[in-house]
Novice: 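Right, I'll just put the structure down here and ask away after.
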2 protein chains.
Amino acid sequence: MSDDRTYWPDELFADLDRTGPVPLYFQVSSRLEAAIHSGAIPPGARLENEISIAGRLGLSRPTVRRAIQELVDRGLLVRRRGIGTQVVQGRVTRPVELSSLFEDLQSTGHEPGTVILAHEVVRADESLASHLGVAVGDDVVRLRRQRTTDGVPVAVLENFLPAEFADITREQLESTGLYQVLRARGVAIRIAKQKIGARRVQGDESELLGIDRGHPVLTVERVAFDNSGRVIEFGHHCYRPDMYSFETTLVAK
Amino acid sequence: MSDDRTYWPDELFADLDRTGPVPLYFQVSSRLEAAIHSGAIPPGARLENEISIAGRLGLSRPTVRRAIQELVDRGLLVRRRGIGTQVVQGRVTRPVELSSLFEDLQSTGHEPGTVILAHEVVRADESLASHLGVAVGDDVVRLRRQRTTDGVPVAVLENFLPAEFADITREQLESTGLYQVLRARGVAIRIAKQKIGARRVQGDESELLGIDRGHPVLTVERVAFDNSGRVIEFGHHCYRPDMYSFETTLVAK
DNA sequence: TCCCGCGCCATGTCCTGACAATATCACAAG
DNA sequence: CTTGTGATATTGTCAGGACATGGCGCGGGA
């Protein structure tokens, strides 16, 4: 019965910071996540029960529960009433997150590059106006960029933003991602709705992506909202399917 | 200042069932969701603060908070500290859920159909064995189906399941979706990891989907796990991109 | 030997209470 | 007129306790 043990690497949770701005449940959940990813808590292992953990860490049960819930929501742990909490078996992958392509590439260790193809102010037609929540004929910023990773073209991105963002410079866009530029201006993107589909390459996309005419591309249409629900960005992008795909982890309610 | 009011349709929450098996927070969140979808609480409206709501409903603040959190996680509400809770502006769409294509189609009011193309037991090769978590050479169930909606072909689905599901009948698969069949057997799918991509149609797919050779298809590769983390199903599917696309709502942490 | 019921255990739900952090607004000071 | 400062409102975090619910094992009875 040596495998009946429950896992809880106490030493990882020795120095919780009760004074700093980082919430306790977040400190616990991120360390727990690291322990799972590093293999310190192996797949299939059972965690100690919530009450004991709370006692061990000197926290209340709701706090521990919230930390665990965080990882359950992300598909790293599975809870069963009467049984306990287990680490999910199988490799853990990164879910589709609310981040830009630029950050995705950066975090995977590749060298992202940007070529600005268009950077202008245009008038909104009917379709654009309805997506962006502005009036027909209003000025909007149009942005078209080619993205590369390690020198290989990956995507062609076309974005539209409200006129107040007309002062974003070419240099800013070339050095970082659009979302990073927006964040630096104090605009926080909170919610995005996107539709993923596929079609053939159109127009100059085949040359920009370095693929033959008629080849398929993966497409994304995305609308992003800020805190107050205002539309910040509307874009449709196309990706080289051999260079890029979307991974998601779905968790049943 | 007639627009300074906070919204809270009290009458919708009059008859909460404290004795039944449905949790209170779930009752509150589902009615609140209905009120938002129906327009009883319009987009942009501010909700009354949590403490008052709790008092009004005779519930504690954590319970109300949990109900609201549920909708925040799904992108229907936005919370800001010091400000309050607002209904998000813009149309609300359904997120990619852990449901089968069959259920997706059914819920949108279309008439789904199934044609079984293959239903057999095969031996697992190396790639299949690693995905399904079985040994190379083990028996696995192979399933290939063509899906139609209102008579038009939409997708070709190929699934592999462990040998213990070999007794699933053709009739079961033709009348409902795979996930419904599994649920009826007491197998609950909790977590799925999927990869969305695109490629050209291959082999007989062009005829099965009713599209020309060389046309693009949207592809999904999915691995589904049950409660205990065991692999239940592995499949790769392809969809007609003009008939089907994936919609997601992303919410920043 | 097999089956059923009882009790233990772990999570699920819900409560009360408290303090912290932050955005808004009014108002006074420069 | 602008700026800083404090009061107020509202969500964020955390504690500690109580009871319900569902699995699972164990022991007793047939």
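First the proteins, then the strands, lettered A, B, ... as listed; each starts at 1.
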Novice: 5'-most contact on DNA chain D: A/Val64 or B/Thr19, nearest heavy atom basis?
Specialist: A/Val64
Novice: Could you tell me whether A/Pro62 contacts a base, only the sugar-phosphate backbone, or nothing, with contacts defined as non-hydrogen atoms closer than 4.0 Å?
Specialist: base
Novice: When you match A/Pro21 and A/Ile83 each to their closest nucleotide on DNA chain C, which lands nearer the 5' end?
Specialist: A/Ile83
Novice: What distance do B/His131 atom NE2 and B/His236 atom NE2 have between them, rounded to the nearest 0.5 Å?
Specialist: 8.5 Å
Novice: Between atom CD1 in A/Ile68 and atom P in C/dG12, what is the gap in whole Å?
Specialist: 9 Å
Novice: Base, sugar-phosphate or nothing for A/Arg66? Non-hydrogen atoms, less than 4.0 Å.
Specialist: sugar-phosphate
Novice: In terms of side-chain heavy atoms of A/Arg81, which of D/dA15, D/dG12, D/dT21 is nearest?
Specialist: D/dT21
Novice: Do the side-chain N or O atoms of A/Thr63 get closer than 4.0 angstrom to the phosphate oxygens (OP1, OP2) of D/dA15?
Specialist: yes
Novice: Starting from P on C/dA23, measure out to CG on B/Asn49 and report it in whole angstrom.
Specialist: 18 Å
Novice: Quick check for you: among D/dT11, C/dC14, C/dT11, whose closest atom lies nearest to any side-chain atom of A/Ile51?
Specialist: C/dT11
Novice: May I ask you to decide if B/Val22's main-chain N or O and B/Gln27's side chain share a donor-acceptor pair within less than 3.5 Å?
Specialist: yes
Novice: Looking at B/Arg79, I'd like to know whether one of its side-chain N or O atoms comes within less than 4.0 Å of OP1 or OP2 on D/dG12.
Specialist: yes
Novice: Using a heavy-atom cut-off of under 4.0 Å over every strand shown, decide if A/Gly58 touches base, sugar-phosphate, or nothing.
Specialist: sugar-phosphate
Novice: Let me know the distance between CZ of B/Arg18 and P of D/dA20, rounded to the nearest Å.
Specialist: 13 Å
Novice: Between P on C/dC14 and CG on B/Leu57, what's the gap in Å once rounded to a whole number?
Specialist: 13 Å
Novice: Are A/Tyr25 and D/dT13 close enough that a side-chain N or O sits under 4.0 Å from OP1 or OP2?
Specialist: yes
Novice: Report yes if at least one side-chain N or O of B/Thr85 is closer than 4.0 Å to OP1 or OP2 of D/dT10; otherwise report no.
Specialist: no
Novice: Below 4.0 angstrom from OP1 or OP2 of D/dC14, is there any side-chain N or O of B/Arg65?
Specialist: no
Novice: Are B/Arg46 and D/dT10 close enough that a side-chain N or O sits under 4.0 Å from OP1 or OP2?
Specialist: yes
Novice: What nucleotide, of D/dT13, C/dT11, C/dC14, holds the atom closest to the side chain of A/Arg61?
Specialist: C/dT11
